[in-house]
Amino acid sequence: MGRSESMLSFEEAKARLETAGQGHVLQFWAELSAEESNTLLEEISKLQPEELLEHCRAVAVAEAASRHSSADGRLDARMKPVPPEFIGSVRKSEKETLQIWGDEGLLQISQDRVAVLLLAGGQGTRLGVPYPKGMYNVGLPSGKTLYQVQAECIQKVQKLANVKHGSRCTIPWYIMTSEFTLGPTEKFFKDNEYFGLCPSNVVMFEQRMIPAVGFDGKIILEKKNKIAMAPDGNGGLYRALVDNKILEDMERRGVEYLHVYCVDNILVKMADPVFIGFCVIKGADCGAKVVDKAYPAEPVGVVCRVDGLYQVIEYSEIQPETAEIRGPGGELLFSAGNICNHFFTRDFLKDVAEKFESQLKQHVAIKKVPFVDGEGNLVKPTKPNGIKMEKFVFDVFQFSKKFVAFEVLREEEFSPLKNADGAPLDTPTTARRSLLAQHYRWALAAGGNFLDEQDKPIPPKHSMTQNEDPPAICEISPLVSYFGEGLEKLLKQKNLKSPFLLDENEAENLVKTT
């Protein structure tokens with residue numbers, strides 16, 4: 001929560017906790033070693049008394065509101081779709097229009113006005129790993145992790161801007177971590193020499209941690225000397241920008257536009273020039289990429305307007321009959337699926353951080369939180385026993401003066417990694433399959449022909465279902481191609497043996513044999 005200048009004494013810690021009605025946090029004090037005592041005091045020192053009291057009160061209010069929400073207050077009854085004039089679309093736009101947007105984006109990148117900001121504070125719990133998701137290897141032929149794929153995308157789009165404008169530009173990479181992910185992420189980048197990026201242009205910072213609270217309004221202890229803490233959601237970004245002086249760093253570098261995204265999307269287009277250019281040309285201060293919902297009840301939030309303000313309505317808040325509503329052409333009326341892929345101006349982020357952050361909604365997450373009982377025994381609950389509060393990054397849409405949405409193709413831009421293999425969706429297998437299918441389509445479009453291990457032609461297949469592997473395995477390094485560009489001169493009329501890995505060395509070999 002708050003950040004303290006120095007560690008409190010026992011008496012100061014006790015007074016701070018009792019002011020907030022949380023004196024039980026020190027119940028095991030007499031049993032702690034000196035080291036354990038210091039750890040607990042250090043944790044308490046970060047909890048400002050006013051914020052702590054307000055947090056516990058807000059938890060109780062929000063939890064009660066979530067239990068007693070009524071149909072009268074239903075958001076979906078007041079939903080309106082985003083007006084067509086504020087929507088851009090990859091699928092519906094002319095090639096020339098997309099070119100104009102892309103050129104504008106590359107121009108802004110070439111002038112060092114664009115940065116990317118990664119939301120990476122969450123743990124890989126659902127994925128079943130004890131380390132940050134960005135370090136995960138989904139099983140690509142190259143063995144690359146999500147972090148490496150994203151780092152190489154940044155290098156390639158910088159190069160595209162440099163070639164077009166004769167510049168030597170930089171896209172700073174801001175990475176918001178948490179107490180859980182900062183250390184491992186820093187070490188991983190150092191061990192891998194920042195994947196070819198300049199270390200000074202990779203800026204890691206930490207979001208706040210807030211206590212988990214029981215249904216009785218009391219802070220939960222996960223150990224005798226440790227409070228159960230959790231990151232404050234990806235909407236914690238706005239406080240973290242202030243706490244860590246990130247906005248000042250952006251201003252010093254001349255950054256005006258931010259592409260903000262979540263770590264787990266293997267198909268993310270880092271600093272997408274087309275998206276950036278569209279938003280800049282439209283004069284937007286805030287933008288969101290969206291995908292068409294696959295079916296009415298798909299569990300994704302919907303970007304829409306409520307009472308004239310833009311926001312994301314979670315799927316759980318939308319009644320089935322509302323989700324089923326269709327427009328004149330038979331399309332779903334509320335089809336703009338949120339994929340946590342956003343555009344913000346720096347000025348907008350500054351306004352949110354300084355004026356509106358305190359107004360962001362607190363979302364209730366009912367969780368099973370391990371705790372120590374009155375005798376100090378560790379208990380792993382079998383049913384939910386606590387509440388973690390979090391804010392969402394998209395809850396700032398309501399403060400936008402000029403909001404736009406940008407519709408992209410799911411198969412080209414959205415395949416999240418959330419669950420371990422064995423789950424039906426969003427697994428390492430589906431993420432890997434999505435990327436390899438995309439690269440296979442790029443190779444076919446460039447005129448490549450695939451051969452099997454016996455050098456027999458593999459019949460091409462131009463469309464595949466989500467549960468289907470491409471006929472040939474093809475991985476294309478982001479250092480070679482950002483979105484499929486430049487491949488025809490390498491692959492046209494070439495026989496490519498599956499599995500085919502097109503990295504920079506292979507690209508050089510292909511150029512020599514052309």
Side-chain angles (χ1 to χ4, degrees), residues 1-60 63 121-123 125 130-132 176-187 205-233 236 239-240 243-244 362 365-381 384-391:
M1 296 184 78
R3 295 180 184 273
S4 178
E5 294 298 320
S6 59
M7 193 165 70
L8 300 175
S9 67
F10 170 76
E11 289 74 18
E12 290 169 329
K14 184 180 179 184
R16 178 170 296 189
L17 291 168
E18 287 179 347
T19 299
Q22 304 294 331
H24 68 285
V25 170
L26 293 171
Q27 63 184 301
F28 300 109
W29 182 261
E31 303 174 31
L32 303 181
S33 67
E35 184 179 348
E36 290 170 334
S37 300
N38 285 337
T39 299
L40 182 55
L41 287 176
E42 190 175 336
E43 205 163 48
I44 297 168
S45 299
K46 296 176 182 177
L47 305 176
Q48 299 301 329
E50 299 82 7
E51 287 187 4
L52 182 59
L53 185 60
E54 179 55 34
H55 172 66
C56 294
R57 185 182 294 133
V59 169
E63 196 273 333
Q123 297 169 285
T125 309
Y131 49 82
M176 185 177 80
T177 64
S178 69
E179 177 184 293
F180 301 132
T181 62
L182 178 59
T185 302
E186 284 182 329
K187 184 177 186 304
F205 61 102
E206 200 172 336
Q207 70 182 109
R208 295 182 175 212
M209 303 290 287
I210 55 177
V213 178
F215 298 140
D216 59 357
K218 299 296 184 182
I219 287 175
I220 296 173
L221 284 175
E222 69 174 46
K223 296 179 183 177
K224 291 180 181 181
N225 71 319
K226 182 162 179 57
I227 295 170
M229 304 284 278
D232 55 355
R239 285 292 290 268
D243 289 345
N244 298 280
Q362 293 270 15
I366 308 294
K367 301 281 189 178
K368 289 185 282 190
V369 183
F371 67 98
V372 289
D373 61 19
E375 281 71 51
N377 301 310
L378 179 62
V379 178
K380 292 189 176 180
N385 65 311
I387 300 165
K388 293 182 179 180
M389 301 291 286
E390 55 188 7
K391 295 180 179 180

- Message: Within the structure provided, determine whether P231 and R208 are in side-chain contact (heavy-atom separation under 4.5 Å).
- Response: no
- Kindly indicate whether the side chain of E12, heavy atoms from C-beta on, has any atom under 4.5 Å from the side chain of I44. no
- Sub-3.5 Å donor-acceptor pair from the side chain of K14 to the main-chain atoms of S9, do we have one? no
- Message: If I take atom CG from residue N38 and atom CE from residue M7, how far apart are they, to the nearest 0.5 angstrom?
- Response: 4.0 Å
- Any side-chain heavy-atom pair from V372 and F28 closer than 4.5 angstrom? yes
- Message: Would you compute the distance between atom CG of L26 and atom CZ of R16 and round it to the nearest 0.5 angstrom?
- Response: 12.0 Å
- Query: What pair of heavy atoms forms the shortest contact from S37 to W29, and how long is it?
  - Reply: CB-CH2, 3.5 Å
- Output yes when a side-chain donor or acceptor of T177 lies under 3.5 Å from a complementary backbone atom of F205, and no otherwise. yes
- Query: With a 4.0 Å cut-off, would you call K224 and E31 a salt bridge?
  - Reply: yes
- Message: Quick one, K226 and T39 - any side-chain contact, counting heavy atoms below 4.5 Å?
- Response: no
- Give the intermediate values and the outcome of side-chain contact (heavy atoms from CB on, under 4.5 Å) for residues S178 and T181. CA-CA 5 Å; S178 69; T181 62; 3.5 Å; yes
- Item | Minimum heavy-atom distance between E222 and M229, given as atom pair plus value | OE1-N, 4.3 Å
- Message: Minimum heavy-atom separation for F215 and P384, please, with both atom names.
- Response: CE1-O, 3.6 Å
- Message: I need the E42 CD to N225 CG distance, nearest 0.5 Å.
- Response: 11.0 Å
- Message: One pair to check against side-chain contact (heavy atoms from CB on, under 4.5 Å): V379 and N385. What are the steps and the verdict?
- Response: CA-CA 11 Å; V379 178; N385 65 311; over 6 Å; no
- Task: Return the minimal non-hydrogen interatomic distance between P381 and P370, and the atom names on each side.
- Result: CD-CA, 3.8 Å
- Would you give the length of the straight line joining atom NZ of K380 to atom NZ of K368, rounded to the nearest 0.5 angstrom? 11.5 Å
- May I ask you to decide whether K223 forms a salt bridge with E43, counting only side-chain N to carboxylate O separations under 4.0 Å? no
- Message: Check this for me, if you would: do R239 and D232 make a salt bridge, where the nitrogen-to-carboxylate-oxygen distance has to be below 4.0 angstrom?
- Response: no
- Task: Check the pair V213 / Q22 against side-chain contact (heavy atoms from CB on, under 4.5 Å), numbers first and verdict last.
- Result: CA-CA 10 Å; V213 178; Q22 304 294 331; 5.9 Å; no
- Message: Does L221 form a side-chain contact (heavy atoms from CB on, under 4.5 Å) with I227? I'd like the steps, not just the answer.
- Response: CA-CA 4 Å; L221 284 175; I227 295 170; 4.1 Å; yes
- Smallest separation among heavy atoms of M176 and G233, with atom names: CE-O, 4.5 Å
- Item | Shortest non-hydrogen separation from L8 to A13 and the atoms involved | CD1-CA, 3.9 Å
- Side chains of N244 and E206: is there a donor and an acceptor less than 3.5 Å apart? no
